[in-house]
Amino acid sequence: MADQLIFAVILISSAVIYLQVSGYTWPWLEYLDFITTLIFLIEMIVKHKVYGLKGYWSDGWNRMDGILVILSLPSLVTFFVPVSGANLSVLLSLRLLRALRFFRFVHFFGSGIKQMGQGFMRALKASRSVLAAFFIIIAVFGLINCSLFGHISPEHFGTPLRSIYSVFQLFTIEGWYDIPAAICPLEESTFMAGLVRLYFCILLVGGGIIGMSFINSVFVDAMMEDNNEELIDRINQLEEKIDKLLENKK
C-alpha cells in the first residue's frame, strides 16, 4: 500500500513540475509541490528510523531516493522565501530529477519492463568493447579532420572537440552532406574537391552505414540473448521427450 501511495505522489509531483515549467503560475501548484516534497522527506525519515542510517544508505534504491530528496529540499525553502529568475530555473531542474524515482516502481507495469532493463544492461556490457572502439575511431578521425580542414571550415573542424562532434554527426547520417559542402561548394569541380567528397563518402559508408549497423546488430543480439536461450532450452526439452518416446517404442 505504501508503494502505491508513493507512486501516486511521484505522479502528482511530476505533473506539478510539468505545469510549472510550462509557465503556469497557479498558487495551488506551489502548495502541491510543497506537500509532495514534504511527503518524500517524511518517507525518508521514517525509513531511517526503520532501517537505521547504515541500513538505509546501503540499499541502492534508498540511496537514489535519498539523494533525490536532498536535491529537492530547497523547494521547501522557496515556499517560504520566494525566488525568481535563474535561481528558480535551477531549483525546478533539480526537482525534475524526482521523476527518476519511477524506475523503482517498474514492477507496477509488469515484468516486461524489468526484463527489458536487464536486457539493456546485458547488451551494454556485451557491446562495450565495440562501442569503445567506435568512439576511438571517431576521436581519431576528428583529430585528422581538425588538422586537414580546420582552417577551411572552422564551424565544423575549428577545434578538436568540434571536429569530433562533426565526425559523430557524419556517422549518424545527420546532415552529413552539409559538412563536405562547407569545404567544397557544389560548383567546385576540381580534382581535390572530388577527392574530398570521396573521402567523406568513405567515412559515411564505413562509419555511418557499416559501423552503426554493426553496433546495432551486436546490441540487439545481446538484448535478445535471453529469448534465444529460452528457445534453445525448449528445443532441448523437446528432443529429450522425442528420445524417450523412441526408447519406449523399442
Side-chain angles (χ1 to χ4, degrees), residues 1-22 24 26-129 131-132 135 219-220 222-227 229-230:
M1 184 66 181
D3 281 349
Q4 285 86 343
L5 174 62
I6 296 300
F7 183 73
V9 174
I10 292 172
L11 285 174
I12 295 171
S13 174
S14 301
V16 168
I17 295 173
Y18 171 81
L19 292 172
Q20 288 177 325
V21 172
S22 299
Y24 295 98
W26 300 320
W28 58 269
L29 290 177
E30 295 295 331
Y31 289 101
L32 272 179
D33 182 72
F34 177 80
I35 293 170
T36 54
T37 305
L38 194 60
I39 291 173
F40 292 140
L41 179 61
I42 293 172
E43 180 206 14
M44 187 176 74
I45 293 172
V46 170
K47 284 187 175 181
H48 270 86
K49 289 185 176 180
V50 173
Y51 301 114
L53 183 65
K54 185 177 180 181
Y56 178 86
W57 291 100
S58 62
D59 180 78
W61 287 115
N62 286 336
R63 278 199 302 273
M64 184 188 75
D65 289 347
I67 291 171
L68 294 176
V69 169
I70 291 171
L71 289 175
S72 60
L73 285 181
S75 63
L76 295 178
V77 179
T78 60
F79 184 78
F80 301 100
V81 184
V83 296
S84 60
N87 293 330
L88 181 60
S89 299
V90 171
L91 291 176
L92 285 174
S93 299
L94 290 175
R95 281 183 284 176
L96 280 170
L97 294 174
R98 290 195 305 225
L100 293 173
R101 297 191 69 184
F102 278 120
F103 287 108
R104 182 164 189 157
F105 300 98
V106 293
H107 58 275
F108 288 160
F109 302 99
S111 60
I113 294 179
K114 185 177 181 180
Q115 291 175 353
M116 184 176 66
Q118 292 173 346
F120 175 78
M121 295 305 297
R122 183 174 58 252
L124 195 62
K125 185 177 180 181
S127 58
R128 59 187 177 187
S129 58
L131 288 172
F135 282 112
F219 201 84
V220 171
M223 285 196 71
M224 298 298 294
E225 187 176 339
D226 269 358
N227 294 337
E229 289 178 355
E230 184 180 351

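For reference, positions follow the sequence shown, starting with 1. All values below were derived from every heavy atom in this structure, side-chain atoms included, with hydrogens, water molecules and symmetry-related copies excluded. Given the structure is predicted, the values throughout are model-derived calculations rather than measurements.
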If you look at every heavy atom in Met44 and Tyr56, which pair is closest and at what distance? CG-OH, 3.3 Å
Considering all heavy atoms of both residues, which atom of Asp33 and which atom of Thr37 are nearest to each other, and what is their separation? O-OG1, 2.8 Å
Approximate separation, where rounding is to 0.5 Å, of His48 NE2 and Asn62 CG: 8.5 Å
In the structure I gave you, are the side-chain heavy atoms of Phe40 and Val9 within less than 4.5 Å of one another anywhere? yes
Atom CD in Glu43, atom CG in Leu5: separation rounded to 0.5 Å? 8.5 Å
Working to the nearest 0.5 Å, report the span between CG of Asp59 and NZ of Lys54. 14.0 Å
Which residues pass the side chain to side chain contact (heavy atoms under 4.5 Å, CB included) test with Leu29, sequence neighbours left out? Val16, Leu19, Gln20, Tyr24, Trp26
